[in-house]
2 protein chains.
Amino acid sequence: MANAQPGKPLDLAAIKVACANCNLHNLCLPLGIDTGDIDRLDDIINRKRPLARGEFLFQAGAPFHAIYAIRSGSVKSFTATEDGQEQITGFHLPGELVGLDAISSDTHNCSARALETTSVCEIPYSQLEELSSHVPSLQRQLLRVMSREILQDEHMMMLLGRKAADERLAAMLMSMSHRFKQRGFSPREFHLSMSRNDIGNYLGLAVETVSRLFTRFQEDGLLETERKHVRILDLTRLSVLAGANRISPDE
Amino acid sequence: MANAQPGKPLDLAAIKVACANCNLHNLCLPLGIDTGDIDRLDDIINRKRPLARGEFLFQAGAPFHAIYAIRSGSVKSFTATEDGQEQITGFHLPGELVGLDAISSDTHNCSARALETTSVCEIPYSQLEELSSHVPSLQRQLLRVMSREILQDEHMMMLLGRKAADERLAAMLMSMSHRFKQRGFSPREFHLSMSRNDIGNYLGLAVETVSRLFTRFQEDGLLETERKHVRILDLTRLSVLAGANRISPDE
DNA sequence: GACAAACAATGATGTGCGTCAATAAAGCGG
DNA sequence: CCGCTTTATTGACGCACATCATTGTTTGTC
């Protein structure tokens, strides 16, 4: 959002956004890496033309050769079930990496698609691997990022396995709120780039349930929505709902 | 199972099981690593005394300093929800690594507990990190293992989000079958070390549902069970159930 | 600016699975 | 070997959420 679209086309100097200048670099791979080493990381990264909404970053089945860092915009990644329907496995905001699950198989197992106009950094994996074996702090950060991904997925498994519909939506909204805050945006008021359908799919719920929950949350004074724009009125109550809620009536 | 309990206590030579001799080494970290480098990996690994059923490998909240490879037996890992109940995030068989989700936070976020008598290799993480920065193939394998973990978690998310109860159980049994086969055991007949309760917890189902499904699977001629012993009679049909099942009546 | 397609909201109805309850069977310590 | 606890099975019942159906709203296209 911050460093999108240069004023003039073909102005390469303006397009050139070094990791060192990127205001996401403390959310992304460069975190904790020396300026000198950041430049070397910088050299292997390709900044691609922005993707339009709906465009694929990569598709399942395609050979794996790079991971991607979101620079601006947002992306959903999803796998296809055997019977053809999709299951969304994550929404990705600026500074986050996409494609880490392909490393083990040399093939993309999920597809990634832009939810809005999105620009990304392409990081060729073989070069990243090579570089990280010479830059311990990069190796360290890469392993940390992957570990964090595992942690998040485990959290998601708990959400899908144990939580009721309202808790799932609350948790998802809290996660968004938190991540927007990390990126310098308001934690109480933001724009959801994904459709209700996508939210439902991600949370293992029917679209109708998501819709009904949004209206119920509004009736309860938790938040206000105007289409995809969300304003959270009671962050505390929402976070409680996202966490412990399943209380027996008598305790 | 293979290399457990030495005949005599204090017989250090018998206890000493090098990675190179371990019949799991092509399922574990040593995969694809030169014999020379395996010895170096070997040097940093501690083989601990076997854990009894119910013993903790580590507990959530404990400082992270090592990951663990299962040598024999099996382990469940689980997180506690805010309201105190546990959510099992995985069952681990010999050759598999446990604790990868702790790398990012320096603290164990989940606990791991032996489901039966279990022996493990403790791999101090700082030394592993150090060694892998000098042994590219080790670094490579480590990243692959973590990526595979992410992939599995995504698969699990799909299971919990989109699949019906019978499909979940079928998928879990197929996963076990596959993993036993990889380890040289029969894919059709094996012993489940976890309780029905654990299975239900893992799959996001009530114990009663798991029980009912086992009896229904038996009625349908899919398998036979004798307590925790399972014999799969129709592997094909079970795998179909585990995959595509949700078919509208008319297609 | 008009039309189509995608998206969202809301009500009516059905059902898969959770919850509660009771019994049986198995493991376990003394 | 015997009580005690844990685990497993089975049935009855209810509810949370899916499914189906309808209408309104927004977005994109020519």
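Order of the sequence lines fixes the chain letters, A, B, ..., with proteins taken first and strands second; residue numbering starts at 1 for each chain. This one's a predicted model, so the numbers in the text were calculated from it and none came from an experiment.
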- Item | Distance-only donor-acceptor test (3.5 Å): side chain Arg212(B), base dT19(C) | yes
- Side-chain donor or acceptor of Glu208(A) under 3.5 Å from a matching atom on the base of dC17(D)? no
- So does Lys181(A) have more than 12 non-hydrogen atoms from other groups sitting under 6.0 Å from NZ? no
- Do other residues, nucleotides or ligands put more than 12 heavy atoms under 6.0 Å from the NE2 atom of His178(A)? no
Measure the distance from [atom1] on [X] to [atom2] on [N] and round it to the nearest whole Å.
X         : N       : atom1 : atom2 : result
Phe214(A) : dA9(C)  : CZ    : P     : 8 Å
Gln218(B) : dA8(D)  : CD    : C1'   : 12 Å
Met194(A) : dC7(C)  : CE    : P     : 14 Å
Leu160(A) : dC17(D) : CG    : C1'   : 15 Å
Leu169(A) : dA9(C)  : CG    : P     : 11 Å
Leu213(A) : dA18(D) : CG    : C1'   : 13 Å
Arg216(A) : dG11(C) : CZ    : C1'   : 16 Å
Lys163(B) : dA18(D) : NZ    : P     : 17 Å

- Indicate the ring-plane relationship of His108(B) and Phe64(B), choosing parallel, tilted or perpendicular according to the 30° and 60° boundaries. perpendicular
- Under-4.0 Å salt bridge between Arg49(A) and Glu55(A): yes
- Answer yes or no: is there an ion pair linking Glu86(A) with Lys76(A), defined by an N-O contact shorter than 4.0 Å? yes
- Heavy atoms only: give me the nearest Pro94(A)-Leu27(A) pair and the separation to one decimal. O-CD1, 4.5 Å
- Could you pull out the closest heavy-atom pair between Ala102(B) and Ser147(A), with the gap in Å? N-OG, 3.9 Å
- Note on the structure: Of dT10(D), dG28(D), dC17(C), the nucleotide closest to the side chain of Arg53(A) is dG28(D)
- Over its full length, what angle do the end axes of the helix from dG1(C)-dC30(D) to dG30(C)-dC1(D) make, each axis taken from five pairs and the result rounded to 10 degrees? 60°
- Any side-chain N or O of Arg227(B) less than 4.0 Å from the OP1 or OP2 oxygen of dA8(D)? no
- Would you say Thr209(B) reaches dG18(C)'s phosphate, i.e. side-chain N/O to OP1/OP2 under 4.0 Å? yes
- How do Glu226(A) and Leu205(A) order along DNA chain D: which one's closest nucleotide is nearer the 5' end? Leu205(A)
- Task: Determine the contact category for Ser195(B): base if any of its heavy atoms lies under 4.0 Å from a base atom, sugar-phosphate if only primed atoms, P, OP1 or OP2 are that close, otherwise nothing.
- Result: sugar-phosphate
- Message: Regarding Gly200(A), tell me which of base, sugar-phosphate or nothing describes its non-hydrogen contacts under 4.0 Å with the strands shown.
- Response: nothing
